[in-house]
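Beneath this line is the structure, given in structure tokens, with notes to follow.
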Amino acid sequence: MSLSNKAPAPLDMDNIPRHIAIVMDGNGRWARKRGLPRKAGHSAGSETFHRAAELLAELGVEHMTVYAWSTENEEKRPPEETREIMGLLERYLKKSVRELTENNIQLDFWGNTAALSPKLQALIAQTDEISKRCTGMQVHICMNYGGRDEILRAARALAQDCAAGLIRPEQIDEKALESRMYCRRTPPPDLLIRPGGEQRLSNFLLWECAYSEFYFTDVLWPDFDEEQIRLAIAAFQRRTRRFGGLTE
Ligand code: FPP
């Protein structure tokens, strides 16, 4: 995916969202419509992810966060589908280890990665090492992730620090909680995109999305191409953000 001259939606390059979060939904339906197994949808979805990351980096987006696999997916989907997603991630990371420096993109993982296979954990560690040398867009891949779980883990860490006398209960504020969350070094998403027709968060970035603008579309994730990305950003640019205040 590259920036073409015949772009459908002209964008205000001075108002590109710093952080875009995406729920990559609709892979299964995309495959079913073509009489293919679900794994073909996930495979097409991972290619869309790769192209979208390149395009967002070209547009100057600083952070992209994607929902790849949730704590609920892990519990409720057949083990075979979990294996397929882990296989896709493994292939993607092997490729990324070669290409990351070239693209100057940093990758990091949000979620319970300690529960992933030793092979994936080793690849993630290798990716982290390489990412430290990159200075471009940061891509946060939510894997085995749940928004409630993220908040719960931070609350537990705070309770432990309280018990250890490192912080007093009256010192606990939003900053203290957030400093124990995956998002601690990332600005909140300006724009959350959910393709695939559903209009809900599904336990994604519950804390972070307090003031994000939401963009929903029926287009299925594997079909989410450059035109769709531009349409989503153009919609964002038409919104008035008030953050609880008043419009001037
Ligand atoms: C939701 O579609 C999609 C997922 C649960 C998995 C998304 C994962 C990928 C795109 C691959 C991740 C890989 C990398 C490299 C980050 P669904 O299966 O729920 O679709 P449906 O609602 O149409 O059934």
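Remember, it's 1-based here, ligands and their atoms both numbered in the order they're listed. Residue numbers run from 1 in the order of the sequence given.
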Salt-bridge test for Asp128 and Lys132: reply yes if a basic N is under 4.0 Å from a carboxylate O, no otherwise. no
His50 and Tyr92 aromatic ring geometry - parallel, tilted or perpendicular at 30°/60° bounds: perpendicular
Any heavy-atom pair between the side chains of Pro187 and Glu62 that's under 4.5 Å? no
So side-chain hydrogen bond (donor to acceptor under 3.5 Å, both in side chains) across residues 210-222, not counting sequence neighbours, yields Glu213-Arg239
Residues in side-chain contact (heavy atoms from CB on, under 4.5 Å) contact with Asn203, at least two apart in sequence or another chain: Tyr67, Thr71, Glu72, Arg148, Leu206
Fellow cluster residues of Leu220, listed by chain then number, with links counted only when side-chain atoms sit under 4.5 Å apart: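 Leu220 clusters with Trp30, Leu36.
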Filter the ligand 1-protein atom pairs down to N or O on both sides and distance under 3.5 Å, then list them.
residue, atom, partner, partner atom, Å
ligand 1, 2 (O), Asp25, OD1, 3.4
ligand 1, 2 (O), Gly26, N, 3.4
ligand 1, 18 (O), Arg38, NH2, 2.7
ligand 1, 18 (O), Arg77, NH1, 3.1
ligand 1, 19 (O), Arg77, NH1, 3.3
ligand 1, 19 (O), Arg77, NH2, 2.8
ligand 1, 20 (O), Gly26, N, 3.4
ligand 1, 20 (O), Asn27, N, 3.3
ligand 1, 20 (O), Gly28, N, 3.1
ligand 1, 22 (O), Asp25, OD1, 3.2
ligand 1, 22 (O), Arg29, NE, 3.4
ligand 1, 22 (O), Arg29, NH2, 3.0
ligand 1, 23 (O), Gly28, N, 3.3
ligand 1, 23 (O), Arg29, N, 2.7
ligand 1, 23 (O), Arg29, NE, 2.7
ligand 1, 24 (O), Arg38, NH1, 3.1
ligand 1, 24 (O), Arg38, NH2, 3.4

